[in-house]
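Please read all numbers here as calculations on a predicted model, not as lab measurements. Just so we're on the same page: letters track the sequence lines, and every chain starts at 1.
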Protein chains: 2
Amino acid sequence: MDGRFKLDNQLCFRLYTASRLITQAYHPLLSQYGLTYPQYLVLLVLWEKDSQPVNDIAKRLMLETNTVTPLLKRMEAEGILTRTQGKKDARQMIVKLTKKGRELQDKLTEVPETVGSSVMCQSVTPETVPGLFRMLDDIIEQLKHNNNESNS
Amino acid sequence: MDGRFKLDNQLCFRLYTASRLITQAYHPLLSQYGLTYPQYLVLLVLWEKDSQPVNDIAKRLMLETNTVTPLLKRMEAEGILTRTQGKKDARQMIVKLTKKGRELQDKLTEVPETVGSSVMCQSVTPETVPGLFRMLDDIIEQLKHNNNESNS
DNA sequence: AATATTTATATCGTTCACGATGCAAATATA
DNA sequence: TATATTTGCATCGTGAACGATATAAATATT
């Protein structure tokens, strides 16, 4: 048989595993503040631009609202953010950081670098990372379109 | 502020998104046979080598048994595989494909290529894939050790 | 203006991931 | 051989992901 079905030939398995392991690397850094990795992603989005409707956050993270809504509710329960109905558009829920949510940024300053440096290795260096980013971005862009096409 | 917290600078977010989107690309191909992507990974492992204890499958997929056990039970309920107590070691559960599980390989022949070709794009080509694999493998290897160190 | 369609969000059910914990069989140590 | 430790697997609880579906508000169409 050819190597078609060999696990070691699968790009997806590598992405899946790398993603899981790097999320695990975030865990000890985030859990001391009661955060999960997806919650940290929401914070990244809101730190860049506070006060956004659910949909904008979901789009930025390329997730569906049915994933993001419960996530936001948990963060609201933790006092990290507030969800208030939009004024212009009553369907929208505007998500806004609380003081606690904003202050988390100061407490997590060392997180990006800690994790960033922990993945650096022989073939992953400041020189090669841009190429890696490019390939991953291309794959993401490609799949975003392919996947959308197939449900139309 | 520097770009430390910018979502667009995060390797992990790219891996996480690429992994999710590529799993979604598998979905229409697998769901017609009642399979999920992690279940497909289990099949890849068992097609390579049938009749393995739970632990070997988990190690191959770099997952914990508490993830794999329920997964295998669902596949057992679907009649894809059997779980029988080991003879030499009564703690082990030996996982073996059924006829149905083996025959799935013939039905899924086109899956690897379909997904494989759907990620090919400008910067991801047969020439660049080995480099991508190398970087992902390095990252995985690195994190596997780092993550283990921190719980010891 | 009344009706249809679209949009923004939420709810529900199922399947992972995974930390924490439990338990019994196997192995090591005393 | 009795006791301690390790190993293999399972159970439990929580938080994602996500397909399917629901609901109400906004917009488009008639």
A.B. asks: What is the separation between atom CD on A/Gln39 and atom C1' on D/dG15, rounded to the nearest whole Å?
C.D. replies: 8 Å
A.B. asks: Give the rounded distance in Å between these two atoms: OH of B/Tyr37 and P of C/dA17.
C.D. replies: 10 Å
A.B. asks: When every nucleotide of nucleotides 6-13 of chain D is labelled 5' to 3' by its protein contacts under 4.0 Å (heavy atoms), B for base, S for sugar-phosphate only, - for none, what sequence of letters results?
C.D. replies: -BSBBB--
A.B. asks: Can you measure A/Ile22 atom CD1 to C/dC18 atom C1' for me and round it to whole angstrom units?
C.D. replies: 17 Å
A.B. asks: Return one dot-bracket line describing DNA chain D 5' to 3' (Watson-Crick or G-U wobble pairs, both distances under 3.5 Å; ( ) same strand, [ ] crossing, | another strand, . none).
C.D. replies: ||||||||||||||||||||||||||||||
A.B. asks: Quick check on the hydrophobic clustering: are B/Leu72 and B/Ile94 connected, directly or via other members, by side-chain heavy-atom contacts under 4.5 Å?
C.D. replies: no
A.B. asks: Starting from P on D/dA16, measure out to CE on A/Met75 and report it in whole angstrom.
C.D. replies: 9 Å
A.B. asks: Answer yes or no: is there an ion pair linking A/Lys99 with A/Glu103, defined by an N-O contact shorter than 4.0 Å?
C.D. replies: yes
A.B. asks: Rounding to a whole Å, what distance do you find between A/Ile57:CD1 and C/dT9:C1'?
C.D. replies: 12 Å
A.B. asks: State the CD-CG distance between B/Gln32 and B/Leu108, to the nearest 0.5 angstrom.
C.D. replies: 8.0 Å
A.B. asks: Whole-Å distance between C/dG19 P and B/Glu64 CD?
C.D. replies: 7 Å
A.B. asks: Just how far, in rounded Å, is C1' of C/dT15 from NE2 of B/His27?
C.D. replies: 10 Å
A.B. asks: State, to 0.1 Å, how close B/Phe133 and A/Asp8 come at their nearest heavy-atom pair, and which atoms those are.
C.D. replies: CE2-O, 4.1 Å
A.B. asks: Can you sort out the partners of B/Glu78 under salt bridge (charged side-chain N to carboxylate O under 4.0 Å, His left out), two or more places apart, ordered by chain and number?
C.D. replies: none
A.B. asks: Please identify each residue that fulfils side chain to side chain donor-acceptor pair (under 3.5 Å) with A/Glu113, with sequence neighbours left out.
C.D. replies: none
A.B. asks: Closer than 4.0 Å, any side-chain N/O of B/Tyr16 to the OP1 or OP2 of D/dA17?
C.D. replies: yes
A.B. asks: Between the protein and nucleotides 2-4 of chain C, list the N/O to N/O atom pairs that are separated by less than 3.5 angstrom.
C.D. replies:
none

A.B. asks: If you take all heavy atoms of A/Gln142 and B/Cys121, which pair is closest and at what distance?
C.D. replies: OE1-CB, 3.4 Å
A.B. asks: Taking only residues two or more places apart in sequence, or in another chain, which ones meet A/Leu132 in a side-chain contact (heavy atoms from CB on, under 4.5 Å)?
C.D. replies: A/Leu136, B/Leu11, B/Leu132, B/Met135, B/Ile139
A.B. asks: Would you compute the distance between atom CZ of B/Phe13 and atom CG of A/Leu61 and round it to the nearest 0.5 angstrom?
C.D. replies: 5.0 Å
A.B. asks: When you check the phosphate oxygens OP1 and OP2 of C/dG19, does a side-chain N or O of A/Ser31 lie under 4.0 Å from one of them?
C.D. replies: no
A.B. asks: Using a strict threshold of under 4.0 Å (side-chain N to carboxylate O), is an ion pair present between A/Glu141 and A/Lys144?
C.D. replies: yes
A.B. asks: Is the positively charged end of B/Arg14 above the ring of B/Tyr16, judged by distance under 6.0 angstrom from the centroid and angle within 45° of the axis?
C.D. replies: no
A.B. asks: Taking atom P of C/dA8 as reference, at what distance in whole Å does atom CD of A/Gln52 sit?
C.D. replies: 14 Å
